[in-house]
Amino acid sequence: MSQETIAVVLPDETSVELPAGSAAADLAAAIGPGLSRAAIAARVDGELRDLGRPLEQGARVEIVTRRDDDPDALFVLRHSAAHVLATAVRQLHPGAGIGFGPPIEDGFYYDFDVAEPFTPEDLERIEATMVDVIEADDGFERREVSREEAEELFQDDPLKLERLAEIPEEETISVYRDGPFLDLCRGPHVPRTGEVRHFKLLHAAGAYWRGDEKRQMLQRIYGTAFYSEEALEEHLERLEEARRRDHRKLGQELDLFSIQKDIGPGLICWHPRGARIQLELRRWIERLLETRGYEFVYTPHVSSEALFERSGHLQAYAEHMFPSMRGEGDGEAYRVKPMNCPAHTLIYASRQRSYRDLPLRLSEIANVYRFERSGTLHGLLRVRMLTMDDGHIFCTPDQVEEEIFTALDLVDEVMRTLGLSYRLDLATRPEKRIGSDDVWDRAEASLHQALERIGVEYGMDEGGGAFYGPKVDIKFRDAIGREWQGATIQLDFNLPERFELEYIGPDNAPHRPVMIHRAIFGTLERFTGVLIEHFAGAFPVWLSPDQVRVLPIADGHAEGAAAIVARLREAGLRAGLDARSETLSYRIRDGELMKVPYLLVVGDRELEAGTVAVRARGAEQKQVTMSVDEFATAVSDKVRAKALDAHLGGR
RNA sequence: GCCACCGUAGCUCAGGGGUAGAGCACUCGAUUCGUAAUCGAGCGGUCGUCGGUUCAAAUCCGACCGGUGGCUCCA
């Protein structure tokens, strides 16, 4: 092999000869002018790199081009956009300290240490200055430096020096310069600042340095960037749509729930229409649990404080519990319960258990109270009184896998029925934990096997388990992409130990049972919040607070319409009459805005023929006519099937 | 809890040192209507709370309460 050339391999396995020292940019140019123009970075042996870095002999190279559908391409662009942002901020605030500025899902941010937080006007000025930086079209120049040189370069940036000190000895230290701005950075970047054309700063917010609330607070600016104006606009439109379906907004508009200052933050009042949804969800899950061998229990909302000391929760979560209360005099201290596990544990322990009794599955749809920090409260998604569809399974170690499988199967049925997508994470042993490695091995293996058996994809959250056992977490996204905890299935070695739970085995000796905590909805509040956003308020018929609204055309039809409402109610449907002295159009509009699945128009024609003119929500055919009985049967079928749509397929 | 921003009628919002405004909703009246807003009148607010500055505060300042966006946390 000659010293003057190197050969690299393209994705299609063809080999290309290039002069030694050639970079990915030269490769792109050698392949063609189109590719050369579109190139912004390269994947070299699987690693994302600058276009300008020299290639090694034999490297597998793929040119990354300017595409809004390539996550790597966007990653590089947004990382560069973060540098452009910092460049602009440094121009406007020369003394600003710089923290981290990474690309993130959907955008990027950069953290600054400035004396005064950024105002919305500052953001506008920064945005304008970024345009100048982009128009300057400076190249992003990479340079590898020694640790000493890096320390010299960033001597005025304490945050960067702190970061620098953490970079391992053997790792290469690189810096990137664009125009006047120099940053300690691994890269890669797009070739020039001019590449960052379609961007927008979104908001500024405080953020702790290193994500540690004991450290100083920096000012973070969030933004997003794309290669095309269309993709940027589309993204902003998605954010707008998400705001339109925000459960807090729809909760108000559809009269589902309220949070009242006079009651307290994080405490939900369900209005009749929202309570209806709760009731249906509750009946559904209770039914599902019954068929799976669960038994229902009820336990008190307050318990002796000593109970939570024994369970260990008080020590671990005291600041997240409502304060202690005590009656007149010096009676015992009580706490409102933050979870049901200790009470269920005591029910288990209330008598001798045989292996023949296991698994014992206890469930309680129960309200628990947690004093969540004020800044974390968020509509229905983070509240202080939560309704858990809680359940605890006490079983032998051998039964664990089967119980996990059954619980996951139930989760899947619930999610599929509602058409919800979700994500599973298997969270394994954390550093701080109780129980022997042997027990953890078995527990984690049980979870793995159950997940494999159900055949769903799942992610790993290594070290993310609870101190008392590994778990499987189900995660949802809200309307604007924030992720929230949904169902959870957790193994627990702690409580059986602390409460000295036992069962008598076939060997006539006592054994310790395994405890599984699981919630399918997670909390009714959060689950309903996610459903509101998921359906944008247009719930499936079975969950709709109002299923049918009957609209008489004129006063003369009101009596006949009322009779139809009565018949539908007899058939078990939630039907109402809208005989207000408003135009038909007005009442139809109102029914549509309230997302009522079926609006029935009743006039002379219908009353004579014993039919109704049905306007089904979201149906292609605006209106179909059918007999009242036909309609009642068709809708009842929809309800029974928990159908997601309201279409009746007319004739 | 921390940082920033916000708080005017039931809702959405305008106003911005000189005694408070619109649309919708609500009430009443008229209208009796064939598929997304009929017309008119009326009711409704110590401008989040408390304190300060001022001849005068919804407006300026401070604290507190609540909300929003993040950060941190989430059994």
Side-chain angles (χ1 to χ4, degrees), chain A residues 109 111 114 116-123 202-222 243 246 248-249 252-253 255 258-266 308 311-321 337-342 368 370-379 381-383 386 388 390 466-469 471 473 480 482 484-485 488 490 492 494-495 517 519 522-523 526 551-558 579-594 599-606 613-615 622-623:
Chain A
Y109 68 75
D111 286 342
V114 282
E116 293 292 319
F118 298 113
T119 62
E121 296 73 53
D122 286 335
L123 286 197
L202 297 172
H203 52 262
Y208 296 109
W209 167 235
R210 315 307 304 261
D212 182 347
E213 68 176 316
K214 292 186 187 65
R215 303 292 303 267
Q216 63 192 303
M217 184 158 269
L218 305 178
Q219 297 304 319
R220 177 172 296 177
I221 297 177
Y222 285 93
R243 276 185 274 274
D246 187 308
R248 293 165 300 186
K249 182 170 146 68
Q252 161 84 263
E253 288 170 5
D255 195 18
S258 60
I259 301 173
Q260 318 233 11
K261 209 172 173 174
D262 290 340
I263 294 174
F308 300 114
S311 69
H313 289 109
L314 193 59
Q315 297 86 310
Y317 300 106
E319 75 276 29
H320 295 296
M321 287 171 70
K337 67 175 167 183
M339 87 291 292
N340 306 296
C341 337
V368 300
R370 296 180 179 182
F371 197 77
E372 303 287 6
R373 293 159 95 189
S374 59
T376 64
L377 299 174
H378 182 95
L381 302 184
R382 190 80 177 266
V383 294
L386 30 148
M388 299 183 72
D390 209 358
F467 73 91
Y468 51 73
K471 58 181 181 171
D473 283 332
I480 54 176
R482 287 172 292 207
W484 297 88
Q485 172 80 55
T488 184
Q490 315 179 341
D492 184 356
N494 178 46
L495 284 184
H517 307 247
T523 77
R526 180 174 296 174
L551 315 180
I553 287 176
D555 284 353
H557 310 119
R580 286 178 295 177
S581 175
E582 298 285 354
T583 58
L584 180 63
S585 289
Y586 177 92
R587 287 174 288 149
I588 284 175
R589 179 181 147 85
D590 188 59
E592 295 276 351
L593 289 177
M594 292 302 277
L599 299 176
L600 306 188
V601 175
V602 175
D604 287 333
R605 290 203 297 266
E606 289 75 17
V614 183
R615 205 183 147 105
K622 231 177 181 179
Q623 170 185 321

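Throughout, protein chains are lettered first and strands after them, A, B, ... in sequence-line order, and every chain is numbered starting at 1.
- Atoms CZ and NE2, on A:Arg526 and A:His378 in that order, are 10.0 Å from each other to the nearest 0.5 Å.
- Rounded to whole Å, the distance from CD on A:Glu372 to C1' on B:C74 is 6 Å.
- In this structure, A:Phe467 reaches neither bases nor backbone, as no heavy-atom distance under 4.0 Å exists between it and the strands shown.
- One P atom belongs to B:A4, the other to B:A9, and the distance between them is 26 Å to the nearest Å.
- Nucleic acid contact class of A:Ser581 (heavy atoms, under 4.0 Å, all strands): base.
- Counting distance only, with no hydrogens placed and no angle test, the side-chain atoms of A:Ser585 and the base atoms of B:U35 include no donor-acceptor pair under 3.5 Å.
- Taking the C1' atom of each, B:U8 and B:G40 are spaced 28 Å apart, rounded to whole Å.
- Backbone-only engagement by A:Ala207 is indicated by non-hydrogen atom pairs under 4.0 Å involving sugar-phosphate atoms exclusively.
- Side chain A:Arg382 to base B:C73: a donor-acceptor pair is found below 3.5 Å.
- In terms of polar N and O atoms assigned as donor or acceptor, the side chain of A:Tyr208 never comes within less than 3.5 Å of the base of B:G70 in a complementary pairing.
- In secondary-structure terms, RNA chain B builds stems of at least 3 consecutive Watson-Crick or G-U pairs, each pair having both distances under 3.5 Å, at B:1-7 with B:65-71, B:10-13 with B:21-24, B:26-30 with B:38-42, B:48-52 with B:60-64.
- Residue A:Gly211 is classed as a sugar-phosphate contact, given heavy-atom separations below 4.0 Å to backbone atoms only.
- Comparing B:U49 with B:C6, their C1' atoms sit 16 Å apart, to the nearest whole Å.
- When distances run from any side-chain atom of A:Gln623 to the nucleotides B:G70, B:C73, B:U35, the shortest one goes to B:U35.
- Remark: A:Arg210 does not engage A:Asp212 in a salt bridge, criterion side-chain N to carboxylate O under 4.0 Å.
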Handout entry: Residues A:Val601, A:Glu606; criterion side chain to side chain contact (heavy atoms under 4.5 Å, CB included); working and verdict
Key = CA-CA 8 Å; A:Val601 175; A:Glu606 289 75 17; 5.5 Å; no

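- Among the atoms of the strands shown, only primed sugar atoms or phosphate atoms (P, OP1, OP2) are found under 4.0 Å from some heavy atom of A:Gln252.
- A:Asp590 places no side-chain N or O within donor-acceptor distance of the main-chain N or O of A:Arg587, the cut-off being under 3.5 Å.
- Between atom SG of residue A:Cys341 and atom CG of residue A:Asp390 there is a gap of 6.0 Å, rounded to the nearest 0.5 Å.
- When the P atom is used for both B:A20 and B:A57, the distance is 13 Å, rounded to whole Å.
- Taking the P atom of each, B:G10 and B:A25 are spaced 16 Å apart, rounded to whole Å.
- Comparing B:C26 with B:A63, their P atoms sit 42 Å apart, to the nearest whole Å.
- By the 5.5 Å and 30° criteria, A:Tyr317 is stacked with the base of B:A75.
- Using a 4.0 Å cut-off, no side-chain N or O of A:His378 falls inside it from OP1 or OP2 of B:C74.
- For the atom pair A:His320 NE2 and A:Arg373 CZ, the distance stands at 6.0 Å (nearest 0.5 Å).
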All N/O contacts under 3.5 Å from nucleotides 59-67 of chain B to the protein, with atom names and distances to one decimal?
{"from": "B:C65", "atom 1": "O2", "to": "A:Lys261", "atom 2": "NZ", "distance (Å)": "3.4"}

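- When heavy atoms are screened at a 4.0 angstrom cut-off, A:Pro338 is found touching base atoms of the nucleic acid.
- Checked against B:A36, B:G34, B:G69, the side chain of A:His203 finds its nearest nucleotide in B:G69.
- With a 6.0 Å radius and a threshold of 12 heavy atoms from other residues, nucleotides or ligands, A:Glu116 has its CD atom at or below the threshold.
- Annotation: B:G18 and B:G29 have their P atoms spaced 41 Å apart (nearest Å).
- Closest of all the heavy-atom pairs between A:Glu253 and A:Met594 is O-SD, 3.8 Å.
- A donor N or O paired with an acceptor N or O is not found under 3.5 Å between the base of B:U35 and the side-chain atoms of A:Arg589.
- B:A37 sits 14 Å from B:C33 when the C1' atoms are compared, rounded to a whole Å.
- A pairwise comparison of heavy atoms in A:Arg215 and A:Tyr208 identifies O-CD2, 3.6 Å as the closest pair.
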